[in-house]
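Below: the structure, in structure tokens.
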Amino acid sequence: MANKVITGKVRLSYANVWEPTSINGSAEKYGCSLIISKNDKATLEKINKAIDLAIKEGIGKFGGKIPNKATLKLPLRDGDIDRPDDEAYQNAYFINANSKVAPGIVDINCDPILDKTEVYSGCYARVSITFYAFNSNGNKGVACGLQNIQKIADGEALGGRTSAAEDFKSDADEDFLN
């Protein structure tokens with residue numbers, strides 16, 4: 001598939017990669033937001049080329065003509081503009097990737113990850129994604145499909161939620177009866 005991209009190091013956000021979820025009553029999907037540093041020129045270049053290819057390959061969905069890119073809904077968005085109050089998105093672009101099929105999830109050695117606490121919003125990963133044209137209900141553009149995830153590093157969890165282990169770890173000398 002020519003329009004598949006394997007990202008460099010990205011940070012996962014809104015990671016619904018273990019169970020599909022429905023947004024506003026839509027069909028259940030797996031998905032996550034990929035936060036891409038503006039310094040990752042190689043990944044951004046690959047994504048832009050894949051978006052251009054999806055537009056070209058999707059010409060049939062656009063009435064046989066390649067539309068002006070500025071008129072299309074595109075998946076690569078600027079975090080400084082679209083999420084100015086979210087520190088995780090500063091100096092970054094992001095893409096929301098979805099799939100009706102569960103992504104394959106592996107560790108740095110390509111061994112399957114089965115522990116659902118290992119991949120979460122805030123961890124770092126490489127992700128394989130695909131791009132395809134759409135024209136539905138008057139909306140035209142390019143969407144991003146989620147394929148597979150390779151976790152490469154832990155990161156501070158996003159969303160302010162802590163793990164049970166973090167909440168309940170205590171000093172062994174602490175006396176709970178006082």
Sidechain-backbone polar pair: Thr43 side chain, Gly8 backbone, donor-acceptor under 3.5 Å: yes
Contact check, side chains of Ile36 and Ile47, non-hydrogen atoms, under 4.5 Å: yes
Mind listing the side-chain donor-acceptor pairs of residues 18-26 below 3.5 Å, one per line with the distance, residues two or more places apart or on another chain?
residue	atom	partner	partner atom	Å
Trp18	NE1	Lys116	O	3.2
Trp18	NE1	Val119	O	3.2
Glu19	OE2	Lys116	NZ	2.9
Ser22	OG	Ser26	N	3.2
Ser22	OG	Ser26	O	2.5
Ser26	OG	Ile23	N	3.3
Ser26	OG	Ile23	O	2.8

Neighbour count >12 (heavy atoms, 6.0 Å) for atom CG, Asp115: yes
Partners meeting ring pair (Phe, Tyr, Trp, His ring centres under 6.0 Å) with Phe94 (sequence neighbours left out): Tyr89
Hphob cluster co-occupancy, Phe134 + Leu74, side-chain heavy atoms under 4.5 angstrom: no
side-chain contact (heavy atoms from CB on, under 4.5 Å) between Ile129 and Lys4, worked out: CA-CA 6 Å; Ile129 49 180; Lys4 180 185 273 189; over 6 Å; no
Donor-acceptor pair between Asp154 and Tyr120 side chains, under 3.5 angstrom: yes
Ser121 side chain to Ala15 backbone, donor-acceptor under 3.5 Å: yes
Atom of Phe62, atom of Ala133 and distance for their closest heavy-atom approach: CZ-CB, 3.7 Å
For Pro84 against Asp82, the heavy-atom pair lying closest together: CD-C, 3.4 Å
Main-chain N/O of Tyr30 paired with Asn16 side-chain donor or acceptor, under 3.5 Å: no
Co-membership, hydrophobic cluster, residues Ile6 and Ile95, 4.5 Å side-chain: no
Per-pair distances, 0.1 Å, donor-acceptor, side chain in residues 102-114, under 3.5 Å, sequence neighbours excluded:
residue	atom	partner	partner atom	Å
Asp107	OD1	Asn109	N	2.8
Asp107	OD1	Cys110	N	3.1
Asp107	OD1	Asp111	N	2.9

Co-membership, hydrophobic cluster, residues Tyr124 and Val127, 4.5 Å side-chain: no
Full working for side-chain contact (heavy atoms from CB on, under 4.5 Å) between Thr7 and Asp40: CA-CA 9 Å; Thr7 69; Asp40 186 353; 5.9 Å; no
Glu45 atom CD: more than 12 heavy-atom contacts under 6.0 Å: no
Verify same cluster id: Val5, Val17 (apolar side-chain graph, 4.5 Å): yes
Tyr93 six-ring centre to Lys38 NZ/CZ under 6.0 Å and within 45° of normal: yes
From CG (Asp85) to CD (Gln90), nearest 0.5 Å: 9.0 Å
Heavy atoms from other residues, nucleotides or ligands near CZ of Arg126 exceed 12 (cutoff 6.0 Å): no
Ser128 side-chain N/O to Asn148 backbone N/O, donor-acceptor pair under 3.5 Å: yes
Within 6.0 Å of NZ in Lys29, more than 12 heavy atoms from elsewhere: no
Test item: Lys140 and Asn135 side chains (from C-beta on) under 4.5 Å apart, heavy atoms: yes
Flag if over 12 foreign heavy atoms under 6.0 Å of NZ, Lys69: yes
Side-chain heavy atoms of Ile35 within contact of Val10, under 4.5 Å: no
Side chain proximity check, Pro75 to Asn96, heavy atoms < 4.5 angstrom: no
Leu44 with Ile55, same ILVMFWY side-chain cluster at under 4.5 Å: yes
